[in-house]
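This report refers to the structure that appears directly beneath it.
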Amino acid sequence: MQHSETPSQRAAHLRADLIEHSHKYYVLDAPTLSDAEYDRLYRELIDLEATHPGLVSPDSPTQRVGAPPAEGFPQVEHEQRMMSLDNAFDSDELRAFLDRASKGLDGEDVEYVCELKLDGVAVAVKYLDGVLVQGATRGDGSVGEDVTTNIRTVRSLPLSVQGVDGQSLDLRAEVVLPKDVFARVNAERESKDTAIFANPRNAAAGSLRQMDPKMASERYLDIWVHGLADPAPLGTLTHDQTLTRLEGMGFKVSPQRQRVGTAEEVIAYCSKWTDARDSLEYEIDGVVVKVNAYRQQRMLGHTTRAPRWAIAFKFPAERVVTRLIGIDVHVGRTGAITPQAIMEPVSVAGSTVAAATLHNEDFIRTKNVMIGDYVVIQKAGDIIPEVIEPVISRRDGSEKAFEMPVVCPSCGTAIVRTEGEVVARCPNSSKCPGQRFEGILHFASRNAMDIDGMGPVVIEELLEAGLISDASDIFRLSEKDLMSIERFQEKSTSNLLRAIEASKNRSFDRVLFALGIRHVGSHVAELLATEMKSSDSLMDAETETLAGIEGIGPRIAESVFEYFKDEDARALVARLQTAGVCVEIGPSTLDSESSVTAVTGKTVVITGKIDGMSRDDVKALIKGGGGKVTSSVSSKTDLVVVGEDAGSKRDKALKLGIATIDVSELLSLLEKG
Ligand code: IVH
């Protein structure tokens, strides 16, 4: 400590220095102090505050990581609704938006601000008297979750700001995870055999909802501020002025923003960033175009869902070319034999892709794909990568046609392809090791029993050690069993045992889904569980009874009947029941973790073509989240999920002021819970 200063002065001095340097480091990306020097100052402040607890202030850099909330994240009502944005998918739709805006402003000149659309988690951050008091997720737009403890750990967000005494600032911002941190987090998760995050947005959402702020803090989240719910406290007249002011106050504001005056400039900005998105440290999924002047924004107003003065230009699905170096065949849990494209690793839409399903033999023939081809692959956001077509012009004659093997790659049993079916199968359902592995993997997976820590590596080792041979064996694993495997230490053992124990409370429909019966996805499992109520009555049901359930067709009924006809399957269910797994519906089986989501109790309509997902999958997602899916839009509809080429239903929803969202927004709503 410097002797000329009192402890209180020294603390204030250190705090100011640390805040300045962390702004330079995290916001401006231009540090002027070495990490070691920063750490030295930081430790001095910690020591000082420890000896003089009265000196600790809530905005001290030492106070970022607080205590975990006692009972989950409380709900918070947003003072001003957190709006969404309408989308434009091409330059015609952008022009249509610009024309509408111009008409709405009686032909006045309009200036726009183009900004990057960060692909993260929307948050509202509130400052009172310049002090950060609350961070909340968007939730359904009106009510979100209070994630203040975790928001405080985001180093690029100032805990206090100057020049707004007596004012309340309600920031709108996006929490993101930089691509390199995302890669590191996933590598770590993979080594622990926990499910990896599909993309940085999911990882950011997961981190923000981490119960332990210390863990959230270790994720190195970042935050970009893109506006204010109400700019009045700053007295600014345009959006751009607001952003500049916020930047001056120490917030991270996108330096790529640009003021433009014509449709051509808007379109040029969008196409520039369509090409340049990979150069950024963060994922972006489009461009946001906003009318700059608040006076004009007010003239245009908004619908219940989105402002009429802004639009989100969404990037098209990313396509890249890579080489198909081989085709592996793989046996799935139902015995389906699937050819898999093995490709030279290539980066597309935020992740490295080295494999993609080729579905079946016919798919390969129709697409005319050969081993050695250069192929176009596409990935849209979260969606699984797909092979679009070969680049015929790049063939040199060395390419080889794919031959479907005649025996199962796992057990060597002759493959069967029933006439009229596209899928070839390994008929050795009870003994094939490949099917067994996939079956257990599915059983433990997130939408099924959700056993954290029971991923492919662990399952493989347990099978190899002879500790499990089917799903029910999981519940017989002891501490001693797990400790006998090299990768397990005391902590990982007790974590896994706890996860296994917790999974016994999964609801009956999830257990049914986990069994992996052919044609029984989450949605069908739910119908079966609701209707049949227990595994006993389900196992004894005739095909006709099953087919009589609304939503269950003859194909599903037959598959369920066939499954339970098998003595092994019945014995498996009996063993699960003995182990304490829930095999009937009842209040005790309510799955508290996933019972309430943003669509719970809501009536939802799906319209248009959903890219990369079947309509049933989307339905199942909504139903899984507790929502009801109906086919026509009426005043009773709460939400419309809009795909490509959506027509009258979308228009009707807009007319009735019903919220419309796209499927990626649906996914993030469901994730947010
Ligand atoms: S403005 C009232 N600007 O995109 C308008 N949003 O689909 C509020 N987003 O929930 C949004 N980057 O979380 C705006 N530069 C940006 C953005 C941005 C990402 C997110 C935001 C919003 C979603 C709308």
Side-chain angles (χ1 to χ4, degrees), residues 118-121 147 150 153-156 174-224 277-285 317-318 320 322 330 340-357 377-386 437-438 441-442 444-448 450-461 487-489 491-492 495-496 499 612 664 667-668 670-673:
L118 295 146
D119 195 8
V121 184
V147 288
N150 287 345
T153 69
V154 181
R155 311 285 194 295
S156 52
E174 200 79 0
V175 170
V176 298
L177 197 70
K179 289 179 198 166
D180 57 343
V181 182
F182 166 71
R184 204 193 64 215
V185 168
N186 260 357
E188 245 165 52
R189 290 174 78 87
E190 210 159 9
S191 73
K192 288 189 195 141
D193 224 15
T194 11
I196 57 166
F197 291 114
N199 51 44
R201 169 164 39 82
N202 287 0
S207 308
L208 203 55
R209 302 189 69 253
Q210 247 311 324
M211 289 314 295
D212 182 355
K214 190 162 170 292
M215 298 273 285
S217 155
E218 284 163 9
R219 288 278 171 80
Y220 297 100
L221 291 166
D222 206 345
I223 192 165
W224 293 90
R277 58 193 290 196
D278 284 345
S279 65
L280 296 164
E281 284 166 44
Y282 308 91
E283 286 288 330
I284 56 172
D285 61 345
E318 216 180 314
V320 294
T322 185
H330 178 249
Q340 177 112 15
I342 309 300
M343 296 169 296
E344 271 167 15
V346 60
S347 158
V348 51
S351 54
T352 302
V353 172
T357 177
I377 62 170
Q378 169 175 307
K379 192 167 163 263
D382 291 354
I383 319 285
I384 301 157
E386 47 180 339
F437 167 79
E438 292 293 336
L441 186 62
H442 169 77
S445 67
R446 201 181 288 175
N447 291 330
D450 193 15
I451 307 179
D452 208 19
M454 173 107 16
V457 181
V458 167
I459 293 173
E460 188 75 67
E461 287 183 12
R487 66 182 290 114
F488 278 98
Q489 250 107 63
K491 181 137 190 274
S492 43
N495 283 348
L496 183 56
S664 60
L667 289 170
S668 58
L670 288 169
E671 203 147 292
K672 282 166 189 166

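Since the model is a prediction, treat every value here as computed from it, not as a measurement.
- In this structure a side-chain-to-backbone donor-acceptor pair under 3.5 Å is present from Asn150 to Gln210.
- Here the side chains of Leu118 and Ile284 are in contact, with some heavy-atom distance below 4.5 Å.
- Panel note: side chain Arg487, backbone Ser191; a donor-acceptor pair is recorded below 3.5 Å.
- Of all heavy-atom pairs spanning Val154 and Leu221, the tightest one is CG1-O, 3.4 Å.
- Note: Ile459 CD1 to Ile451 CD1 = 8.0 Å, rounded to the nearest 0.5 Å.
- Using a distance-only test at 3.5 Å, with no hydrogens or angles considered, no donor-acceptor pair links the side chain of Thr194 to the main chain of Asp452.
- For the atom pair CG of Asp180 and OH of Tyr220, the computed distance is 12.0 Å after rounding to the nearest 0.5 Å.
- Of the possible donor and acceptor atoms, none in the side chain of Arg209 sits under 3.5 Å from a partner among the backbone N and O of Ser207.
- Nearest heavy atoms, Ala355 versus Pro385: O-CG, 3.9 Å.
- Put simply, the side chain of Val176 does not reach to within 4.5 Å of the side chain of Asp119, judged on heavy atoms.
- Here the closest non-hydrogen pair linking Leu177 and Ala203 is CD2-CB, 3.6 Å.
- Each of Asn202, Asn186, Val185 was scored for a side-chain contact (heavy atoms from CB on, under 4.5 Å) with Ile196, with one residue passing: Asn186.
- Between the side chain of Glu281 and the main chain of Pro178, no donor-acceptor pair closer than 3.5 Å is present.
- The two residues Arg277 and Glu283 make their nearest non-hydrogen contact at NH2-OE1, 4.4 Å.
- Atom CG of residue Asn447 and atom NE2 of residue His442 lie 9.0 Å apart, to the nearest 0.5 angstrom.
- The nearest pair of heavy atoms linking Asn199 to Phe182 is C-CE1, 3.2 Å.
- With a 4.5 Å cut-off on side-chain heavy atoms, Pro456 and Phe437 count as touching.
- The OG1 atom of Thr357 sits 10.5 Å away from atom CD of Glu386, with the distance rounded to the nearest 0.5 Å.
- In this structure, NZ in Lys192 is found 14.0 Å from CG in Leu496, a value given to the nearest 0.5 Å.
- Between Glu318 and Lys379 there is no side-chain heavy-atom pair separated by less than 4.5 Å.
- Shown here for Thr322 and Ile377, the closest heavy-atom pair between the two residues is CG2-CD1, 4.2 Å.
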